[in-house]
Amino acid sequence: MSNRTTVTEFLLLGFSDVQELQILHFVVFLVLYLAALVGNLPMITAVAFDHHLHTPMYFFLMNLSILDIGSISVPVTKSLSNSLMNTRSISYSRCVAQVFFFIFFTSTGFALFTIMAYGRYVAICQPLHYERVMNSRACIQMAASAWMSIFVYSALHTGNTFAISFYGGNTVDQFFCEIPQLLKLACSDSYLSEVGASAFSVCLGLSLFIFIVVLYVQIFTRVLKIPSEQGRHKALSTCLPHLIVVSLYFFTLAFADLKPTSSSTSVLDLLPTVLYSVMPPMMNPIIYSMRNKAIKAALKKLIGGWLFTKNKMSILCL
């Protein structure tokens, strides 16, 4: 009987065998990765150090920024190093870690999307209960519950994936270790439980998305009844960025999952995966903070304070 431990490494799909195109892939991915870092790190810094931003909305935005950095780092860093070193290999343990952390970061993000949607629903549709439902203690408990429960879920999902026997070789038709591609390498009688687990995950994600949509239908129904145009504009300005981010993540992921599979994998088959794994972490901070005056003001204040401290230290050294 074949043993899964005989597989010591996997071979990831490269974007090209041409050196010039490999360099182009490295540059493009590096720019996207740096853009995600530049967008998310200021968000984390602003919320962490400015007490004016210690509110439920910015608390969850900081959590999302942390998750965005994690989710884009999982596939991109290994892809960058492989392009730079002109290799396709990834160790078995590194592949396990990629699967675990990618599930963990993306699933936790979607759980937080749901909590944030509920928070907006309470703020607009049940404003008298907002302080009780979304106080700081409740927000920390909800965020901690999401992180811990998804951690357990990710460990079980990953363990179930790598409990299968890989009889189909070790070449993964993707630029990082992705469960659907790993299942193609599995023995037909050993991966049925993982298929069931993946189907459950899809149904759970779809249920959360439908729940978010139902909440926003009620939110927009209430917003349209606000007599003041300024009030309607303020309510929509806080809700639309969140809805855009959720839709961006869900539809890019759905597009990748529902894309017809082909017998021969090409570079074009990698694009849907790039969309849902790389684009949302890069776009989220742009969508959230592009028109957010509070975050801009907090960053200016922090930068001004840092420059003042630096100049003061320079004068003292003289």
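On a predicted model such as this, the values are computed, not experimentally measured, just so you know.
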pair [X]-[Y]: side-chain heavy atoms closer than 4.5 Å:
X	Y	value
Ile164	Leu183	yes
Leu215	Arg120	no
Leu156	Tyr153	no
Phe113	Leu64	yes
Phe220	Leu243	yes
Asp173	Thr171	yes
Met134	Cys139	yes
Ser136	Phe59	no

**OP:** Could you note down all residue pairs passing side chain to side chain donor-acceptor pair (under 3.5 Å) where residues 205-218 supplies at least one of them, sequence neighbours left out?
**Re:** Tyr216-His242

Determine the minimum heavy-atom distance between [X] and [Y], stating which atoms define it.
X	Y	value
Leu32	Met282	CD2-SD, 3.3 Å
Leu53	Tyr58	O-CB, 3.0 Å
Ala117	Ile219	O-CD1, 4.1 Å
Ile69	Ile72	O-CG2, 3.5 Å

Once you round to the nearest 0.5 Å, how far does [atom1] of [X] lie from [atom2] of [Y]?
X	Y	atom1	atom2	result
Leu208	Ile115	CG	CD1	10.0 Å
Ile90	Ser81	CD1	OG	8.5 Å
Met283	Asp68	CE	CG	11.5 Å
Ile124	Gln126	CD1	CD	12.0 Å

**OP:** Test Val47 against Leu61 for side chain to side chain contact (heavy atoms under 4.5 Å, CB included), laying out the working first.
**Re:** CA-CA 8 Å; Val47 177; Leu61 286 180; 5.5 Å; no

Subject >> Trp147 and Asn63: CA distance, side-chain angles, deciding distance, side chain to side chain contact (heavy atoms under 4.5 Å, CB included) verdict >> reply: CA-CA 10 Å; Trp147 283 81; Asn63 277 263; 3.0 Å; yes

Original post:
Which of these, Leu12, Asn82, Leu11, sits in a side chain to side chain contact (heavy atoms under 4.5 Å, CB included) with Thr87?
Top reply: Asn82

**OP:** Please check if the side chain of Asn284 supplies one atom and the backbone of Pro280 the other of a donor-acceptor pair under 3.5 Å.
**Re:** yes

Subject >> N/O donor-acceptor pair under 3.5 Å between Asn40 side chain and Pro281 backbone >> reply: yes

Please list every donor-acceptor pair under 3.5 Å in which a side-chain atom of residues 94-110 meets a protein atom from a residue at least two apart or in another chain.
| residue | atom | partner | partner atom | Å |
| --- | --- | --- | --- | --- |
| Gln98 | OE1 | Cys177 | N | 2.9 |
| Gln98 | NE2 | Val74 | O | 3.2 |
| Thr106 | OG1 | Phe102 | O | 2.6 |
| Thr106 | OG1 | Ile103 | O | 3.4 |
| Ser107 | OG | Ile103 | O | 2.8 |
| Thr108 | OG1 | Phe104 | O | 2.6 |

Subject >> Tyr33/Ser73 under side chain to side chain donor-acceptor pair (under 3.5 Å): CA gap, chis, key distance, verdict >> reply: CA-CA 8 Å; Tyr33 184 58; Ser73 296; 2.9 Å; yes

In this structure, would [X] and [Y] fall into the same cluster of hydrophobic residues linked by side-chain contacts under 4.5 Å?
X	Y	answer
Leu41	Val76	yes
Met85	Leu30	no
Val31	Val38	no
Ile44	Ile140	yes
Met148	Leu112	no

Original post:
Does anything in residues 50-89 pair up under disulfide bond (SG atoms under 2.5 Å apart), and if so which pairs, sequence neighbours excluded?
Top reply: none

Original post:
More than 12 non-hydrogen atoms from neighbouring residues, nucleotides or ligands closer than 6.0 Å to CZ on Phe151, yes or no?
Top reply: no

**OP:** Determine whether more than 12 heavy atoms belonging to other residues, nucleotides or ligands lie under 6.0 Å from atom NE2 of His52.
**Re:** no

**OP:** Have a look at Ser83 and tell me which of Gln22, Lys78, His25 forms a side-chain hydrogen bond (donor to acceptor under 3.5 Å, both in side chains) with it.
**Re:** His25

Original post:
Step by step, would you call Phe10 with Ser91 a side chain to side chain contact (heavy atoms under 4.5 Å, CB included)?
Top reply: CA-CA 6 Å; Phe10 293 94; Ser91 66; over 6 Å; no

Original post:
For the ring pair Tyr118 and Phe211, is the centre-to-centre distance below 6.0 Å?
Top reply: no

Original post:
Between Ile150 and Ser154, does a side chain to side chain contact (heavy atoms under 4.5 Å, CB included) hold up when you go through it step by step?
Top reply: CA-CA 6 Å; Ile150 297 299; Ser154 302; 3.7 Å; yes

